[in-house]
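Notes follow once the structure below has been shown.
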Amino acid sequence: MSDTFVQEMEEQLIAMRKELLDKLTEDNSDFREMVNAMGIKDSIDVAADDIAFKKMEAINKHEANRLRSIENALARIHNGKYGHCLKCLKKIPEERLRAIPYAVLCVDCKNAEEVPGRH
């Protein structure tokens, strides 16, 4: 996986995060202040913000889970582990990452997870 591709995915993830945070904070000034205080975090800081994520889940569980996935993908980029399946450790195809930049499983492992009795 090229450095250019990883950089492209990082930029896409950052844009997705901004869009999601803008949406989540649209009508909630208190929450907007909390998000602004969070700023850009490294992987250790992301874990420390679990309380903030719990509040987000109360507001919108689906969006909060997506935001957590984006933050985790950014942490994997910074740790040099982006683009590898968390289950089998094989490279996730670029096509899958372009479709879902925060994917953590390759297609085979994701399919096995969704179909009971496989794998």
Side-chain angles (χ1 to χ4, degrees):
M1 193 167 306
S2 73
D3 290 342
T4 304
F5 175 76
V6 173
Q7 183 178 358
E8 178 186 334
M9 291 296 95
E10 181 177 23
E11 290 169 7
Q12 186 175 347
L13 286 160
I14 290 169
M16 290 171 78
R17 176 177 64 187
K18 181 185 180 323
E19 180 182 326
L20 197 51
L21 288 173
D22 287 347
K23 182 178 178 183
L24 285 169
T25 61
E26 205 168 68
D27 298 319
N28 188 331
S29 61
D30 290 338
F31 188 68
R32 186 177 298 118
E33 289 174 20
M34 180 182 70
V35 168
N36 289 337
M38 285 171 60
I40 296 175
K41 304 290 185 179
D42 61 27
S43 58
I44 294 170
D45 292 332
V46 169
D49 287 332
D50 193 51
I51 292 170
F53 282 119
K54 288 188 188 315
K55 184 173 181 180
M56 282 189 271
E57 286 179 291
I59 294 168
N60 189 324
K61 185 175 177 138
H62 174 74
E63 299 293 346
N65 286 338
R66 189 166 168 234
L67 181 59
R68 181 175 291 136
S69 295
I70 291 167
E71 291 288 356
N72 289 337
L74 288 167
R76 286 191 306 279
I77 286 173
H78 293 286
N79 293 332
K81 297 180 179 180
Y82 181 76
H84 293 277
C85 178
L86 294 182
K87 196 168 193 176
C88 71
L89 304 178
K90 292 180 185 173
K91 286 187 177 182
I92 299 172
E94 286 186 11
E95 301 79 39
R96 177 162 170 73
L97 292 171
R98 284 192 191 282
I100 307 169
Y102 46 84
V104 295
L105 298 175
C106 67
V107 175
D108 290 340
C109 289
K110 183 64 176 171
N111 288 340
E113 182 182 83
E114 292 174 355
V115 179
R118 278 185 72 190
H119 240 286

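Rounding to the nearest 0.5 angstrom, the gap separating the CD atom in E94 from the CE atom in M9 is 8.0 Å. With values rounded to the nearest 0.5 angstrom, K110 atom NZ is found 13.0 Å from D108 atom CG. Annotation: the span from L86 atom CG to R76 atom CZ amounts to 5.5 Å, rounded to 0.5 Å. Atoms NZ and CG, from K81 and L89 in turn, are 9.5 Å apart once rounded to the nearest 0.5 Å. For the atom pair CD1 (I14) and CD1 (I77), the distance works out to 7.5 Å, reported to the nearest 0.5 Å. Within the model, atoms CG of N79 and CG of N72 stand 10.5 Å from one another, a figure rounded to the nearest 0.5 Å.
Across all their heavy atoms, L74 and H78 have their closest contact at O-CD2, 2.8 Å. Considering all non-hydrogen atoms of both residues, C106 and C85 come closest at N-SG, 3.4 Å. For the residue pair A73 and L13, the shortest heavy atom distance occurs at CB-CD1, 3.7 Å.
Put simply, Y102 and V107 are part of two different groups of oily side chains (I, L, V, M, F, W, Y) that touch within less than 4.5 Å, one to the next. One hydrophobic cluster, built from ILVMFWY side chains closer than 4.5 Å, holds both I100 and L20. Residues I70 and V104 are members of separate hydrophobic clusters, defined by side-chain heavy-atom contacts under 4.5 angstrom among Ile, Leu, Val, Met, Phe, Trp and Tyr.
Side chain of Y82 to backbone of P101: a donor-acceptor contact under 3.5 angstrom is found.
Ion pair E71/R68 not flagged as a salt bridge, since none of the NZ, NE, NH1 or NH2 atoms sits closer than 4.0 Å to an Asp/Glu carboxylate oxygen.
The side-chain hydrogen bond (donor to acceptor under 3.5 Å, both in side chains) check on E8 picks up R98, with sequence neighbours excluded. Listed by chain and residue number, nothing satisfies the side-chain hydrogen bond (donor to acceptor under 3.5 Å, both in side chains) test with K91 (two or more places apart in sequence, or in another chain).
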